[in-house]
Enquirer: 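Can you keep this structure in mind? I'll have questions shortly.
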Amino acid sequence: MLTNILSANDRLAEENRRRFDERGYTVVNLMGSPGAGKTSLILRTIAALRDRVPVAVIEGDIASRIDADDVAAVGAPVVQINTGGTCHLDANMVSQAAAGLTAEPGSLVFIENVGNLVCPASYRLGEHIRAVVLGATEGSDKPFKYPKMFVDIDVVVVNKLDLAGAVDFEREEFIRGVRALTEAEIIEVSCRTGEGIDAWTRWLTEHLARAVERGA
Ligand code: MG
Ligand code: ZN
């Protein structure tokens, strides 16, 4: 039964992907725990890429428009999905939300998934880039405890670098855990101080260029 649900979801995700490609969007499925800094990373990215790359956001939350309001406040196109209890986004929710998104062609589009390190990993949304953000405050054991989130990921962002010392974040252990599962890029940032945001936006824009070539 779950297999059927997932394969139906995969078909719809492929449709989403075709529509995104038609508009030249590069779409990032941004996953991570509640409080890891998904919205903060999006807001930092919008500020860093301002005047270079248009950024739009599909916000996923169980309830509220808090994150969508924060994105709208900095002038980026945004639509909010409220799942009403479901702990992940699926391709159907994204299909409906994307229809209401007024993003320029060529935009970088973030889909901020529901805060959760478990089932978002199983639902394709039509994204080009799968990203997970973790706060150093969450500890170094997450790749060991939630391996599925890391096996098929393009980039791992470690946030809250400014707090890593205070919480005794075991960086080597974390990297060892990630490397056992994936060769994905690992980028360390602090959304609070801005440290590492350049490396993140450089990585993103390199991948953006490739997506635009693909669509051309
Ligand atoms: Mg958020
Ligand atoms: Zn779920």
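Counting convention: from 1, in listed order, for ligands and their atoms alike. Quick note: numbers below take in every heavy atom, side chains included, and nothing from hydrogens, waters or symmetry partners.
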Enquirer: May I ask you to determine how many protein N/O/S atoms are under 2.8 Å from the Mg ion (ligand 1)?
Expert: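 There are 3 of them.
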Enquirer: Distance-only, no hydrogens or angles: does the D90 side chain make a donor-acceptor pair with backbone N or O of L125 under 3.5 Å?
Expert: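 No; zero donor-acceptor contacts below 3.5 Å.
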Enquirer: What is the ring orientation for F169 with F174, classed by angle as parallel under 30°, tilted 30 to 60°, or perpendicular over 60°?
Expert: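 Rings of F169 and F174: tilted, 30 to 60°.
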Enquirer: Do the side-chain N and O atoms of K160 and S190 include a donor-acceptor pair separated by under 3.5 angstrom?
Expert: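 No, S190 and K160 have no side-chain donor paired with an acceptor closer than 3.5 Å.
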Enquirer: Any donor and acceptor pair, going by atom type alone, linking the side chain of R176 with main-chain N or O of R179 inside 3.5 Å?
Expert: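 No: the side chain of R176 does not pair with the backbone of R179.
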Enquirer: What protein N/O/S atoms are found closer than 2.8 Å to the Zn ion (ligand 2)?
Expert: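 Only C87 SG, H88 ND1, C119 SG fall inside 2.8 Å of the Zn ion (ligand 2).
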Enquirer: State whether a side-chain donor-acceptor pair under 3.5 Å links N113 with N29.
Expert: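 Short answer, yes.
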Enquirer: Is any side-chain N of the basic residue among R17 and D21 closer than 4.0 Å to the acidic one's carboxylate O?
Expert: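 Answer for the salt bridge query: yes.
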Enquirer: Go through the steps for R130 and D154 under the test salt bridge (charged side-chain N to carboxylate O under 4.0 Å, His left out), then give the verdict.
Expert: CA-CA 5 Å; R130 296 168 62 74; D154 298 303; 5.8 Å; no
Enquirer: Please confirm whether the backbone N or O of I197 pairs with a side-chain atom of T201, one donor and one acceptor, at under 3.5 Å?
Expert: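 Answer holds: yes.
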Enquirer: Just checking I5: does its CD1 atom have more than 12 heavy atoms from other residues, nucleotides or ligands closer to it than 6.0 angstrom?
Expert: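 Result for CD1/I5: enclosed.
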